[in-house]
Amino acid sequence: MKSVIAATVVSATFLMSSQAFAAEVMFTNSTTINSSFNRSAAADYAETWATTPNPAYANYGSSSDGGDCTNFVSQALHDGGGLPFNGIKGNNRNTIDWYYYGSNVPPSTNPRTSSWTGAHQFREHFAVVNDQGGKKAYKATKYTSQELSNDFQPIYNELFRGDIVQHVNSAGHTIHSQIINGYGPGNDLKIAQHSVSSGTWDKNISLKSYVAYGSWIVSIKIKN
């Protein structure tokens with residue numbers, strides 16, 4: 001449904017967007033990367049576990065843990081979408097490793113990676129930080145909050161259920177992770193998320209309402 005809507009508007013907005021919109025494509029990989037990823041199943045997982053933690057995983061919702069947002073997104077990509085773990089248990093290099101075997105890091109056995117639970121490390125693994133990273137996704141694009149406030153259409157055209165958005169503050173630190181779970185009225189995107197335990201754990205949240213959460217947004221398309 002969304003692809004049909006996007007197709008009808010993209011030609012009408014292309015000239016305006018290409019001239020007035022300064023989104024930065026950070027990288028694009030081969031169209032074959034993550035081709036087995038199941039977008040719909042990842043989004044379905046996110047909808048199932050949006051309001052409660054999956055007991056198979058530790059809950060990092062305390063403020064001291066930094067919140068459960070990226071743990072939740074990683075689960076959706078792996079358990080829902082079928083993305084395999086990257087790296088060998090015992091390593092923890094953000095650009096290479098992404099896995100979960102348990103709740104604690106350290107000890108040196110590293111039963112999970114910081115890229116599994118940390119928003120900034122997740123971006124370093126699946127996208128880039130300061131032009132360096134694992135680039136494990138198909139594509140990453142940077143949008144400023146001001147750009148999206150003026151014209152949301154480009155990110156709406158780009159993303160589908162199961163894709164990821166991350167919010168970045170003015171210092172360049174990634175502060176939050178969300179997963180697209182649907183499409184809203186007025187060409188909006190719906191997102192599912194976890195947060196700190198006292199925050200918003202929910203689905204079908206308007207991404208437009210989060211545009212000003214940080215200074216910019218990185219969209220992470222897992223596959224073409």
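- Ring-plane geometry between H173 and H120 is classed as parallel, the angle between the planes falling under 30 degrees on a 0 to 90 degree scale with a further cut at 60.
- Checked by atom type and distance alone, the side chain of R112 never pairs as donor or acceptor with a backbone atom of Y99 at under 3.5 Å.
- A donor atom on one side chain and an acceptor atom on the other are not found under 3.5 Å apart for D97 and S115.
- Side-chain heavy atoms closer than 4.5 Å link hydrophobic residues (I, L, V, M, F, W, Y) into clusters, and following such links, even through other members, never connects F85 to I33.
- One distance of note links CG of N169 with OG of S145; it measures 10.5 Å at 0.5 Å rounding.
- Taking CG of N94 as the reference point, atom CD of E124 lies at 4.5 Å (rounded to 0.5 Å).
- For the side chain to side chain donor-acceptor pair (under 3.5 Å) criterion with N181, the lone passing option out of K190, E47, R161 is E47.
- S30 pairs with exactly one of T28, T32, N34 by the side chain to side chain donor-acceptor pair (under 3.5 Å) rule, that one being T32.
- Looking only at distances, no side-chain donor or acceptor of N91 sits under 3.5 Å from a matching main-chain atom of R93.
- A cation-pi contact, defined as under 6.0 Å to the ring centre and within 45° of the axis, links K89 to Y101.
- If you chain together hydrophobic residues whose side chains sit under 4.5 Å apart, V211 and I180 fall into the same group.
- The backbone N or O of Y138 sits nowhere less than 3.5 Å from a side-chain atom of N224 that would complete a donor-acceptor pair.
- Checked by atom type and distance alone, the side chain of N71 pairs as donor or acceptor with a backbone atom of A58 at under 3.5 Å.
- Hydrophobic clustering places F27 together with F126 (ILVMFWY residues linked when any side-chain heavy atoms are closer than 4.5 Å, directly or through intermediates).
- Note: the hydrophobic cluster containing V196 does not contain F72 (ILVMFWY, side chain heavy atoms under 4.5 Å, direct or indirect links).
- Remark: side-chain polar atoms of K221 are paired, donor with acceptor, to backbone N or O of E158 under 3.5 angstrom.
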>> With side-chain hydrogen bond (donor to acceptor under 3.5 Å, both in side chains) as the criterion, how do Q166 and T174 come out once you've worked through the C-alpha distance, each side chain's angles and the decisive distance to 0.1 Å?
In response: CA-CA 7 Å; Q166 292 195 293; T174 317; 5.0 Å; no
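- Ring pair Y213/H176: centre-to-centre distance below 6.0 Å.
- For the side chain to side chain donor-acceptor pair (under 3.5 Å) with S74, the qualifying choice from W116, Y57, W98 is W98, the only one to do so.
- K208 places a side-chain N or O within donor-acceptor distance of the main-chain N or O of G186, the cut-off being under 3.5 Å.
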